[in-house]
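Bear in mind the structure is a predicted one, so any value in this text is a computation, not a measurement.
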Amino acid sequence: MRFGVSTFVADDGIGPVALGRALEERGFASLYVTEHTHIPVKRESPWPGGGDLPRIYYRTLDPFVVLSAVAAVTERLRLGTGVALIVQRDPITLAKEVASLDLVSGGRAVLGVGAGWNREEMRNHGTDPATRMRLLRERVLAVKELWTKAEAEFHGEFVDFDPVFSYPKPVQDPHPPVLIGGAGPTTSDRVVEFGDGWMPLYGRGTDGLGAKIADLWQRAGRPLPVTVFATPGRPEAVDELAAAGVDEVLFHLDTEPEADTLRDLDRLAALTR
């Protein structure tokens, strides 16, 4: 089982370069960063975490800028999004961003994707919340075409383009893994159809996780990797996920100044040993 961290990298916390170096020095396997392009001042959608929305949600840096900075100062760390809100991103640009990250990092990019919960945020990008799951599917499929075909084309309900050249191509063969976020009643359908793995958030639909993983593998006809993000830094949580057969545990890392973050990482690193 691999251990990494998932976190919000914000303008008032530890910087990407210092964070990446600290993670690799402590033997962590991966860094996954959260995305929100913005948060509308007038909010209607309730935060799934309950209560007031933490300020880090509107202070986040762009995930691909963060991961590129980390790639430049690390050699082994897997670099992922947890999750990228691709219903708010152009798929042609997204394909180039992730392929470029994979190239400059030597094949370490991972694309965790989700449809999001903040309906007013989506609407500002021209996305209809009612159709966001269908849009998510098409954008993932289109990105994979752009990564793997010399002359890529896609014709769908929401994404439509004639043959194009799109470079660079990713280093990983056939492409960086796409991990499907969420744990709703139809999430496994998406994982089986167009995902390369599953990435639920700890404590939200992860009860009975071992049985859910077994069911997912049976439906897919093959083992699929499972990464659990926002895992609390407690030994019992690690034991629980290990017993369920999880491949990768991402500890939740609070967004704090550098000195506080380094102390937190020392504590989390002790759990991995």
When rounded to the nearest 0.5 angstrom, what is the spacing between [atom1] in [X] and [atom2] in [Y]?
X	Y	atom1	atom2	answer
Thr255	Asp12	OG1	CG	7.5 Å
Leu253	Phe8	CG	CZ	11.5 Å
Met199	Phe229	CE	CZ	5.5 Å

Residues [X] and [Y]: side-chain donor-acceptor under 3.5 angstrom:
X	Y	value
Arg2	Ser30	no
Arg108	Thr74	yes
Thr127	Gln88	no
Asn124	His38	yes

State whether the side chain of [X] and the backbone N or O of [Y] hold a donor-acceptor pair below 3.5 Å, judged by distance alone.
X	Y	value
Gln172	Pro177	no
Glu145	Phe154	no
Arg190	Leu136	no
Thr206	Tyr202	no
Lys169	Lys149	yes
Lys212	Asp207	yes
Thr261	Glu256	yes
Arg132	Pro129	yes

Are the side chains of [Y] and [X] in contact, using a 4.5 Å heavy-atom criterion?
X	Y	value
Val70	Val9	no
His125	Thr37	yes
Asp162	His155	yes
Glu44	Arg119	no
Ile180	Val113	yes
Leu224	Trp198	no
Leu271	Pro235	yes
Glu193	Asp189	no

Would you indicate whether [X], at its atom [atom1], is surrounded by more than 12 heavy atoms from other residues, nucleotides or ligands within a distance under 6.0 Å?
X	atom1	result
Glu151	CD	no
Asp52	CG	no
Glu75	CD	no

Problem set entry | Closest non-hydrogen atom pair between Leu146 and Ser166, with its separation | CD2-CB, 3.8 Å
Problem set entry | Test side-chain contact (heavy atoms from CB on, under 4.5 Å) applied to Glu24 and Arg76, step by step | CA-CA 7 Å; Glu24 196 156 85; Arg76 301 177 304 279; 3.0 Å; yes
In terms of hydrophobic clustering (I, L, V, M, F, W, Y; side-chain heavy atoms under 4.5 Å; direct or indirect links), are [X] and [Y] co-clustered?
X	Y	value
Tyr32	Leu77	no
Met1	Leu23	yes
Leu61	Leu94	yes

Seminar exercise, completed: The single option from Val238, Ile213, Thr231 that satisfies side-chain contact (heavy atoms from CB on, under 4.5 Å) with Val246 is Ile213
For this session: Pick out which of Leu19, Val66, Val65 makes a side-chain contact (heavy atoms from CB on, under 4.5 Å) with Val33.
Result: Val66
For this session: Just do the side-chain contact (heavy atoms from CB on, under 4.5 Å) check on Val98 and Trp147 with the steps written out, would you?
Result: CA-CA 9 Å; Val98 180; Trp147 282 342; 3.5 Å; yes
Exercise. Which class fits the ring pair Phe28 and Phe251: parallel under 30°, tilted 30 to 60°, perpendicular over 60°?
Worked result: perpendicular
For this session: Evaluate the side-chain hydrogen bond (donor to acceptor under 3.5 Å, both in side chains) criterion for residues Glu120 and Ser45: first the C-alpha distance (whole Å), next the side-chain angles of each, then the deciding distance (0.1 Å), finally the verdict.
Result: CA-CA 7 Å; Glu120 49 271 30; Ser45 303; 2.7 Å; yes
Exercise. Is any NZ, NE, NH1 or NH2 atom of the basic residue among Asp62 and Arg89 found under 4.0 Å from an Asp or Glu carboxylate oxygen of the other?
Worked result: yes
Exercise. Do Asp266 and Arg263 meet the salt-bridge criterion of a basic N to acidic O distance under 4.0 Å?
Worked result: no
Problem set entry | Set of salt bridge (Lys or Arg N to Asp or Glu O under 4.0 Å) partners for Glu121, sequence neighbours left out | none
Exercise. Does the pair Lys144 and Val140 meet the rule for a side-chain contact (heavy atoms from CB on, under 4.5 Å), with working shown?
Worked result: CA-CA 6 Å; Lys144 287 188 174 185; Val140 169; 4.2 Å; yes
Under 3.5 Å donor-acceptor pairs involving side-chain atoms of residues 80-87, not counting sequence neighbours:
unit_1, atom_1, unit_2, atom_2, d
Thr81, OG1, Gly112, N, 3.0
Thr81, OG1, Gly112, O, 2.8

For this session: Tell me, with the steps shown, if Asp196 and Val178 meet side-chain contact (heavy atoms from CB on, under 4.5 Å).
Result: CA-CA 5 Å; Asp196 304 302; Val178 176; 3.6 Å; yes
